[in-house]
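See structure below.
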Amino acid sequence: MRKKVFCLATLSVVSLFLFCSCSAHASELPEPEELFSEIADSVTLPEMTNVADEYLDSVLGLSPEDCNGAVYYLLSEGIAPDEIVIIRAKDDSSAEDIQNKLEDRLAYKEQAAQMYLTEYMPIIQAGFVRRDGLTLSLIVSQQSEQILEVYEQYK
């Protein structure tokens with residue numbers, strides 16, 4: 001009986017320690033505009049333009065009321081598939097909806113590349129959709145791995 005109580009007490013203490021240490025290291029990502037600025041400062045990106053005002057609705061079906069901030073960057077010139085979208089959702093329900101829309105967008109880009117832009121397929125396949133709390137991102141870039149490192153500094 002003593003061994004069981006001791007084991008349960010030890011397990012409780014260890015669980016509490018792990019829970020506290022994990023939450024102490026997790027921090028919220030900055031606002032979308034600030035996060036993109038950090039990415040742009042850390043990674044050499046091609047010239048990109050924020051088209052959030054037009055593309056959030058026309059491409060993703062989101063209105064400004066659906067989120068608490070967003071950026072949607074595309075290449076200023078050229079046909080490469082680079083696309084960086086960072087959105088702060090209002091709540092968990094809207095975050096799930098936004099995540100689905102971003103995953104659909106990535107799948108669409110891959111389908112289009114199979115037919116028209118096959119030379120860009122490796123860039124699109126290296127792209128990812130990421131969710132960090134209420135912050136959701138779609139990253140399609142030759143520098144996807146380096147961009148991921150910017151996110152990892154907030155873990």
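Taking 4.0 Å as the cut-off between side-chain N and carboxylate O, Asp82 and Lys109 do not count as a salt-bridged pair.
Using a 4.5 Å cut-off on side-chain heavy atoms (C-beta onward), Arg105 and Glu83 make contact. The shortest side-chain heavy-atom distance between Ser63 and Asp57 does not fall under the 4.5 Å cut-off. Residues Val140 and Leu106 are in side-chain contact: their nearest non-hydrogen atoms beyond the backbone lie under 4.5 Å apart. Counting heavy atoms from C-beta on, the side chains of Ile147 and Ser141 come closer than 4.5 Å. Using a 4.5 Å cut-off on side-chain heavy atoms (C-beta onward), Gln146 and Ser42 make no contact.
The local environment of CD in Glu47 is sparse, with at most 12 non-hydrogen atoms from other residues, nucleotides or ligands closer than 6.0 Å. In Glu145, the CD atom is not crowded: 12 or fewer heavy atoms of neighbouring residues, nucleotides or ligands sit closer than 6.0 Å. Around the CD atom of Glu77, the shell of radius 6.0 Å holds no more than 12 heavy atoms that belong to other residues, nucleotides or ligands.
Considering every non-hydrogen atom in both Met48 and Ile84, the closest pair reads SD-CD1, 4.1 Å. Between Gln143 and Thr44 the shortest heavy-atom distance is NE2-O, 3.2 Å. Considering all non-hydrogen atoms of both residues, Ala70 and Ala52 come closest at O-CB, 4.0 Å. Residue Ile87 comes nearest to Leu102 through the heavy atom pair CD1-CD2, 4.5 Å, listed as atom of the first residue, atom of the second, then distance. The nearest pair of heavy atoms linking Lys90 to Cys67 is CE-O, 3.6 Å. Pairing each heavy atom of Leu45 with each of Ala40, the nearest pair is CD1-CA, 4.0 Å.
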- Begin with the C-alpha distance, continue with both residues' side-chain angles, and end with the deciding distance and a verdict on side-chain contact (heavy atoms from CB on, under 4.5 Å) for Met121 and Gln114. CA-CA 7 Å; Met121 187 58 82; Gln114 287 175 351; 3.0 Å; yes
- Message: With side chain to side chain donor-acceptor pair (under 3.5 Å) as the criterion, how do Gln99 and Glu103 come out once you've worked through the C-alpha distance, each side chain's angles and the decisive distance to 0.1 Å?
- Response: CA-CA 6 Å; Gln99 181 174 357; Glu103 288 169 350; 3.2 Å; yes
- Query: Between Gln153 and Glu149, is a side-chain contact (heavy atoms from CB on, under 4.5 Å) present by the stated rule, with each step listed?
  - Reply: CA-CA 7 Å; Gln153 71 187 1; Glu149 291 174 12; over 6 Å; no
- Steps toward side-chain contact (heavy atoms from CB on, under 4.5 Å) verdict (Tyr55, Leu74): CA-CA 10 Å; Tyr55 278 62; Leu74 293 174; 3.4 Å; yes
- Item | Residues Asp97, Ser94; criterion side chain to side chain donor-acceptor pair (under 3.5 Å); working and verdict | CA-CA 5 Å; Asp97 181 50; Ser94 61; over 6 Å; no
- When you look at Glu110 and Tyr120, which way does the side chain to side chain donor-acceptor pair (under 3.5 Å) test go after all the steps? CA-CA 9 Å; Glu110 188 169 345; Tyr120 293 118; over 6 Å; no
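Between Phe128 and Tyr151, the ring planes are perpendicular. Angles over 60° get that label, and only those under 30° would be called parallel.
Atom CD of Glu96 and atom CG of Asp92 lie 8.5 Å apart (nearest 0.5 Å).
Side-chain contact, Ser137 with Arg130: no donor N or O sits under 3.5 Å from an acceptor N or O.
The hydrophobic cluster containing Val59 also contains Leu56, counting ILVMFWY residues as joined when their side-chain heavy atoms lie under 4.5 angstrom apart, directly or transitively. Note on Leu134 and Leu136: separate hydrophobic clusters, where clusters join Ile, Leu, Val, Met, Phe, Trp and Tyr whose side-chain heavy atoms are under 4.5 Å apart, directly or indirectly.
Although no hydrogens or angles enter the test, the distance criterion places a donor-acceptor pair under 3.5 Å between the side chain of Asn50 and the main chain of Tyr72. Between the side chain of Lys101 and the main chain of Gly61, a donor-acceptor pair closer than 3.5 Å is present.
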